[in-house]
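Report on the structure given below.
In this text the structure is predicted, and so the values were computed from the model without any measurement. All chains are named by letter (A, B, ...) in the order of the sequence lines, taking the proteins before the strands, and each is independently numbered beginning at 1.
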4 protein chains.
Amino acid sequence: MPAIQERAQARYQQILDAALSVFTRRGYREALVDDIAAEAETSKGGVYFHFPGKQAIFLALLDRSAGLLMDRVREAVAAEVDPVAKADAALLAVLRLFSSHRSLARLFLVEAMGAGPELHARLAALHAEFSAFIRRNLDDAVQQGAIAPIDTELASLVWFGALNQLVTRWVIADDPRPLEARYPALRTLLLRTVGLEVTP
Amino acid sequence: MPAIQERAQARYQQILDAALSVFTRRGYREALVDDIAAEAETSKGGVYFHFPGKQAIFLALLDRSAGLLMDRVREAVAAEVDPVAKADAALLAVLRLFSSHRSLARLFLVEAMGAGPELHARLAALHAEFSAFIRRNLDDAVQQGAIAPIDTELASLVWFGALNQLVTRWVIADDPRPLEARYPALRTLLLRTVGLEVTP
Amino acid sequence: MPAIQERAQARYQQILDAALSVFTRRGYREALVDDIAAEAETSKGGVYFHFPGKQAIFLALLDRSAGLLMDRVREAVAAEVDPVAKADAALLAVLRLFSSHRSLARLFLVEAMGAGPELHARLAALHAEFSAFIRRNLDDAVQQGAIAPIDTELASLVWFGALNQLVTRWVIADDPRPLEARYPALRTLLLRTVGLEVTP
Amino acid sequence: MPAIQERAQARYQQILDAALSVFTRRGYREALVDDIAAEAETSKGGVYFHFPGKQAIFLALLDRSAGLLMDRVREAVAAEVDPVAKADAALLAVLRLFSSHRSLARLFLVEAMGAGPELHARLAALHAEFSAFIRRNLDDAVQQGAIAPIDTELASLVWFGALNQLVTRWVIADDPRPLEARYPALRTLLLRTVGLEVTP
DNA sequence: GATGAATGAGCATTCATTCAT
DNA sequence: AATGAATGAATGCTCATTCAT
């Protein structure tokens with residue numbers, strides 16, 4: 001019965017959609033499983049059929065979102081050849097996705113912290129994955145002589161931290177401007193950290 | 001009766017000390033008011049005599065810690081004349097304090113997120129305050145011609161984000177190395193964002 | 001699934017039964033939700049599934065009891081034609097019900113006062129409803145010329161007050177005599193207030 | 001040191017005044033000893049120096065007020081010779097006092113019920129005392145042949161209940177009209193219960 | 001006499017999770 | 001798959017009362 005499995009899949013996604021909305025609106029702590037069930041138009045028992053618990057919902061949501069994010073990043077990166085341009089494209093892809101999905105940004109940067117220590121590990125892994133991605137490209141750039149040898153681990157940390165901060169402030173301040181509007185200027189500053197000078 | 005008021009003051013600080021310990025050990029949610037009372041060697045009612053509620057304790061703790069942090073920063077900054085050196089000193093002061101008080105860092109950067117949306121506002125204000133401080137110094141540097149005109153708001157955001165990220169990773173990864181050890185390298189990268197080249 | 005809803009209905013009534021018992025035995029303040037749950041053979045959470053809070057239980061109980069009371073009154077009144085006889089029957093019906101359900105009387109007249117100001121309003125409404133009922137009948141009697149024109153609002157207040165006092169004293173003094181035994185004499189006095197002379 | 005004792009007396013009365021205000025405003029349950037202390041411009045400890053507990057405050061207040069009430073009644077009654085006129089004067093005196101001290105009325109008729117079973121006994125005694133006073137006068141009137149022999153215990157209960165109800169409704173409905181305005185009409189109805197016909 | 005800090009038993013309420021149907 | 005009733009451990013908060021100073 002693929003029809004049934006399809007329905008189950010649909011319900012699973014429905015619940016994640018509802019969870020994104022509820023977690024974003026009320027925060028992890030204040031989000032009730034009842035709220036998620038109601039918004040997913042199912043029952044509490046229904047939610048527990050698909051997920052073992054509240055934290056698991058958050059985790060699944062984080063993973064689904066991270067997958068989406070990395071897909072976008074990989075796509076953007078594939079269009080570039082130059083390592084620095086790749087890293088550059090990755091950052092822009094992140095900004096673009098978050099810009100059009102503010103709730104996703106809130107989920108990643110704000111609510112994830114309130115979901116308990118268990119989540120920190122997973123979140124740290126995601127951060128590390130993205131950081132490592134940037135670092136790899138910077139390493140390539142060094143190797144190719146495009147940039148001078150530097151501590152790429154630290155540089156990727158700076159890039160990631162700056163990106164993080166930009167998005168976080170945009171989320172918390174509820175800034176109505178499109179997030180990527182500030183990217184050219186940010187790009188100029190970040191490239192300088194690796195010794196490249198460009199004009200915005 | 002200053003003796004009585006002194007005792008009350010002492011108890012107030014005792015409770016905050018206990019709260020710092022408990023919040024950083026168990027996280028905001030898992031921290032019980034009972035735990036705080038026990039560690040402060042008083043009763044639950046005693047805690048509630050001094051504070052209106054759990055969140056207020058966290059808030060007071062955050063404020064006390066922020067005051068301590070800013071004192072250190074101001075002190076370090078006062079020893080410098082050059083605006084860039086001032087901003088530089090501020091960052092180093094932060095790293096030094098957090099390096100010797102990891103629990104404080106955890107409080108500011110991790111637990112604060114789990115303490116509910118009301119805390120986010122206060123935290124954002126603290127971040128903004130520190131960011132603005134850096135920005136002011138960069139503005140001065142521009143004015144004095146020490147650095148070329150740039151978007152100082154963005155630059156301060158980058159500096160703050162990088163600092164934030166460095167400390168956060170150090171906290172979450174439980175990195176045993178002293179935090180300030182990485183500062184010279186970070187400093188080099190950050191100064192490049194404003195067009196200054198120094199060797200670590 | 002009417003079976004489920006039936007079970008829920010039954011549990012709801014079970015809780016109200018338990019609440020009547022506990023409230024009359026311990027008073028509103030001293031009554032614990034735990035006691036009610038235990039006596040209803042359910043859990044505290046079960047009680048809170050059916051009611052939003054302790055006061056709501058009391059309110060629902062008051063309403064259910066008032067409904068029962070008014071049903072008895074209406075039934076007794078329907079058997080009479082003469083307006084004065086109707087009012088008369090109403091009072092007797094009240095006495096009879098309370099006489100056989102002392103706990104109900106205690107609930108209405110004593111405990112209701114301890115359940116907070118919100119309850120006073122509801123209670124006042126119930127009193128007003130019953131008073132108005134008596135008054136309507138006295139008005140009819142005046143219209144039909146059965147009794148001389150009088151201030152029926154005041155008369156109904158006197159009747160109600162006397163009835164109230166009789167029951168209250170019976171409840172508080174824990175008088176073992178059946179309550180309605182005193183009704184013939186009371187009836188004689190009350191009818192005199194509207195100018196009718198009967199022998200007990 | 002009579003000066004000291006005077007000061008203590010004054011403080012004692014101050015606390016009772018504050019208690020009247022607080023109990024009336026918030027009800028017995030919601031009234032905090034802290035509130036009473038604050039309104040009496042003393043400290044919680046100060047209150048406990050003068051009274052053994054919250055309930056004792058209420059009791060003392062009830063007694064002080066009852067004394068005041070009975071003084072007024074006795075005074076009014078002393079001016080009359082005829083037993084029925086005496087009872088009549090007693091009722092009017094009650095109405096007059098309550099009319100000018102609504103908070104006292106609320107204390108006696110509404111809040112007293114919420115102060116727990118221990119208070120019911122004392123309150124019942126006060127009620128009984130006043131009822132008995134009316135009854136004694138009615139008995140005298142029977143003895144003197146002024147009224148026909150009747151169940152004076154029941155009649156006094158009716159009188160008391162009617163009075164009670166009139167005041168209670170006035171208190172709860174927050175009726176702005178002077179309470180005693182309705183007395184002539186009430187008097188007419190009550191006198192009818194003992195076979196006397198007067199015009200308001 | 002008075003203060004205010006401290007106590008601690010008490011309790012309503014919440015909510016993630018379970019499970020009979 | 002889904003429902004919704006039920007569970008019960010967990011916990012923040014209240015407040016009358018005590019007591020050292």
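Here the CZ atom belonging to F49(A) is positioned 10.0 Å from the CD1 atom belonging to I15(A), to the nearest 0.5 angstrom. The structure places CG of L16(D) at 9.0 Å from CG of L20(D), a figure rounded to the nearest 0.5 Å.
With sequence neighbours excluded, no residue satisfies salt bridge (charged side-chain N to carboxylate O under 4.0 Å, His left out) with K54(D). By the side chain to side chain donor-acceptor pair (under 3.5 Å) test, S43(D) pairs with no residue at all, sequence neighbours left out. Judged as a side chain to side chain donor-acceptor pair (under 3.5 Å), and not counting sequence neighbours, the contacts of R11(C) are Q14(C), T42(C). With sequence neighbours excluded, the residues forming a side chain to side chain donor-acceptor pair (under 3.5 Å) with Q13(B) are R64(B), listed by chain and number. With sequence neighbours excluded, the residues forming a side chain to side chain donor-acceptor pair (under 3.5 Å) with R25(C) are S21(C), E39(C), listed by chain and number. Under the rule for a side-chain contact (heavy atoms from CB on, under 4.5 Å), the partners of D63(C) that lie at least two apart in sequence or sit in another chain are R122(C). Residues that satisfy the ring pair (Phe, Tyr, Trp, His ring centres under 6.0 Å) test with H127(C), not counting sequence neighbours, are F160(C). Residues meeting the ring pair (Phe, Tyr, Trp, His ring centres under 6.0 Å) test with F51(A), sequence neighbours left out: Y12(A).
In this entry the distance linking CD1 of I15(C) with C1' of dA6(F) reads 10 Å, nearest Å. Rounded to a whole Å, the CZ atom of F58(D) is 17 Å from the C1' atom of dA16(F). Distance R29(A) CZ to dT14(E) P: 15 Å, rounded to the nearest Å. Counting to the nearest Å, the C1' atom of dT11(F) and the CZ atom of R26(B) are 12 Å from each other. Atoms CG (D34(D)) and P (dT3(E)) sit 13 Å apart, rounded to a whole Å. Atom C1' of nucleotide dT17(F) and atom CG of L32(D) are separated by 14 Å, given to the nearest angstrom. For I57(C) and dC11(E), the CD1 to P distance is 15 Å, given to the nearest whole Å. Residue R7(C) contributes atom CZ, which lies 15 Å from atom P of dC19(E) at whole-angstrom precision.
Between R11(B) and dA6(E) there is a side-chain polar atom (N or O) within less than 4.0 angstrom of OP1 or OP2.
Of all the residues in residues 17-24 of chain B, not one reaches under 4.0 Å from DNA chain E with any non-hydrogen atom. Across residues 37-56 of chain C, K44(C), Y48(C), G53(C), K54(C) each have a non-hydrogen atom less than 4.0 Å from an atom of DNA chain E (numbered order).
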Donor-acceptor pairs under 3.5 Å, side chain of residues 101-114 of chain C to any protein atom, not counting sequence neighbours: which ones?
from    : atom 1 : to      : atom 2 : distance (Å)
R102(C) : NH1    : W170(C) : O      : 3.0
R102(C) : NH1    : D175(C) : O      : 3.3
R102(C) : NH2    : D175(C) : O      : 2.6
E111(C) : OE1    : Y28(C)  : N      : 3.4

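For DNA chain F, each stem of at least three Watson-Crick or G-U pairs (distances under 3.5 Å) is given as range with range: E:2-21 with F:2-21.
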